[in-house]
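Read through the structure below, which is laid out as structure tokens, and then see the notes.
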Protein chains: 2
Amino acid sequence: MQKKLPQSNLYLREEELRRGIELLYFAYRDFTSDPDEILAQTGLGRAHHRVLYFVRRNPDTTVSGILKLLRITKQSLSRVLNQLVEEGYIEQTPGTQDRRQRLLKLTEKGEAFEKELFSTQRQRVAQAYKTAGPEAVAGFWEVLLNIVNDSDREIVLRQIEK
Amino acid sequence: MQKKLPQSNLYLREEELRRGIELLYFAYRDFTSDPDEILAQTGLGRAHHRVLYFVRRNPDTTVSGILKLLRITKQSLSRVLNQLVEEGYIEQTPGTQDRRQRLLKLTEKGEAFEKELFSTQRQRVAQAYKTAGPEAVAGFWEVLLNIVNDSDREIVLRQIEK
DNA sequence: TTTATTATGTCAATATAGCTGACATATATA
DNA sequence: TATATATGTCAGCTATATTGACATAATAAA
């Protein structure tokens with residue numbers, strides 16, 4: 001069956017699977033705590049951060065673009081987006097081909113704030129990358145990408161290769 | 001079938017850091033959606049899952065053990081734990097040395113339910129491990145462990161080596 | 001032995017982030 | 001002209017967390 005068995009399958013035992021689950025939980029928790037501290041001072045929350053992040057990464061995306069990417073409802077997005085627009089972090093311009101659309105992008109204030117939020121996570125991730133080394137990082141990406149739903153992998157790949 | 005990510009030496013640039021951030025976000029989201037579906041049918045939520053998970057992994061732990069591990073308040077835990085005890089998933093016994101403590105462990109019902117929840121995530125993670133291979137998995141662990149707060153690393157190591 | 005501390009529990013109020021359902025408007029498409 | 005789409009809004013509900021105040025029983029320290 002399996003021609004090239006690189007090593008044993010010991011890494012598929014319950015212990016190793018639980019290790020992944022637990023590391024994912026703890027790492028994700030600490031990783032999200034960095035921006036949370038900054039956000040707490042501004043009256044914004046994680047939901048706002050996610051929108052800022054992905055608008056920054058996808059300038060001139062539409063409302064429905066964000067909805068699909070984040071898999072939330074428009075009612076949820078609305079609360080967050082309205083606040084970000086009112087407070088001058090995001091600006092909306094009507095679509096050029098389709099004027100029903102609202103194209104989203106960060107204002108200068110939004111750019112600056114996203115940069116500040118990003119820098120905390122950048123630092124954490126860069127330190128982890130450096131400590132673990134490039135091959136470990138490649139493995140980290142590979143496993144995470146394969147944890148993503150098959151049906152989402154295309155959209156995620158498009159995102160990370162932007 | 002397998003999507004190969006470009007192997008890059010310049011793994012500390014903004015692009016690669018954002019890749020990690022995004023993969024972490026999407027993978028974590030999909031990874032938690034598996035148990036969520038089952039939980040939705042029972043009237044329990046993620047918070048209950050976490051408690052079941054870590055009580056299963058640390059039988060006869062105490063209330064404050066769980067509080068420290070999950071970093072939540074006792075008021076938060078209370079809601080969840082009471083429900084799990086009332087519905088027969090967890091049983092509490094007084095501590096042997098210190099009778100103020102409540103030692104927690106899963107009942108048979110709790111064990112069965114945790115197993116069901118775990119199996120969904122096990123499948124997802126095992127598939128990702130298999131696709132990525134043992135070396136990638138080692139890198140995955142290494143990077144995640146280094147993303148964890150320095151101050152938490154000891155406790156996380158103790159957990160995953162149990 | 002008295003006092004202080006610890007482990008746990010509870011009540012109340014609040015915040016955040018999501019959801020469903022219903023309805024509205026403007027624009028694009030068939 | 002009729003229908004579908006992109007977006008927005010109102011209202012109500014849920015899950016998960018927080019802080020603060022107070023209570024009880026058991027252990028540890030004075």
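Below, chains carry the letters A, B, ... as their sequence lines are ordered, and counting in each starts from 1. Scope of the values below: all heavy atoms of this structure, side chains included, with no hydrogens, waters or symmetry mates. It should be emphasised that the depicted structure is a prediction, and the values quoted were computed from it without experimental measurement.
- No side-chain heavy atom of B/Thr93 sits under 4.5 Å from any side-chain heavy atom of B/Arg102.
- Comparing B/Gly65 and A/His48 against DNA chain C, the residue whose closest nucleotide sits nearer the 5' end is B/Gly65.
- Checked by atom type, the side-chain pair B/Arg124/A/Asn146 shows no donor-acceptor distance below 3.5 Å.
- Ring-centre distance between B/Phe113 and B/Tyr53: not below the 6.0 Å cut-off.
- OP1 or OP2 of D/dA17 sits under 4.0 Å from a side-chain N or O of B/Arg50.
- A/Ser76 comes within 4.0 angstrom of a base, heavy atoms only.
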Could you write out each protein N or O paired with an N or O of nucleotides 27-30 of chain D at a distance under 3.5 Å?
from: D/dT27; atom 1: OP1; to: B/Arg99; atom 2: N; distance (Å): 3.2

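- No side-chain donor-acceptor contact under 3.5 Å links A/Gln123 and A/Asp34.
- For the atom pair A/Gln127 CD and A/Lys130 NZ, the distance stands at 8.5 Å (nearest 0.5 Å).
- Annotation: the span from B/Glu114 atom CD to B/Ser119 atom OG amounts to 9.5 Å, rounded to 0.5 Å.
- A/Thr120 OG1 to A/Asp36 CG: the interatomic distance, rounded to the nearest 0.5 Å, is 9.0 Å.
- The residue A/Gln83 sits apart from the nucleic acid: no heavy atom pair falls under 4.0 Å.
- Within 4.0 Å (heavy atoms only), A/His49 reaches no atom of the nucleic acid at all.
- Rounded to an integer number of Å, the gap from B/Leu77 CG to D/dA17 P is 10 Å.
- In this entry the distance linking CG of B/Leu70 with C1' of D/dT18 reads 16 Å, nearest Å.
- Cation-pi contact between B/Arg50 and A/Tyr25: absent, since separation from the ring centre below 6.0 Å together with deviation from the ring axis within 45° is not met.
- Using a 4.0 Å heavy-atom distance criterion, A/Arg79 is classed as a base contact.
- Scanning DNA chain C 5' to 3' for nucleotides with an atom closer than 4.0 angstrom to a non-hydrogen atom of chain A gives a first and last hit of C/dA17 to C/dA28.
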Is there a side chain to side chain contact (heavy atoms under 4.5 Å, CB included) between B/Leu44 and B/Tyr89? Walk through the geometry before answering. CA-CA 11 Å; B/Leu44 302 176; B/Tyr89 294 100; 3.8 Å; yes
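- Summary of the strand contacts: A/Val80 and B/Gln92 both lie near DNA chain C, and taking for each the nucleotide with the nearest heavy atom, the more 5' one is attributed to B/Gln92.
- Taking 4.0 angstrom as the limit, A/Ser64 places a side-chain polar atom (N or O) nearer than this to OP1 or OP2 of D/dT7.
- Both A/Leu84 and A/Leu77 are part of a single hydrophobic cluster, where members link through side-chain heavy atoms under 4.5 Å apart.
- The distance from atom CZ of B/Arg102 to atom P of D/dT24 is 15 Å, rounded to the nearest whole Å.
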A/Arg122 vs A/Lys115, side chain to side chain contact (heavy atoms under 4.5 Å, CB included): CA-CA, chis, key distance, verdict: CA-CA 10 Å; A/Arg122 144 181 248 151; A/Lys115 196 171 175 183; over 6 Å; no
Detail all sub-3.5 Å separations between protein N/O atoms and N/O atoms belonging to nucleotides 9-12 of chain D.
from: D/dT9; atom 1: OP2; to: A/Asn82; atom 2: ND2; distance (Å): 3.3

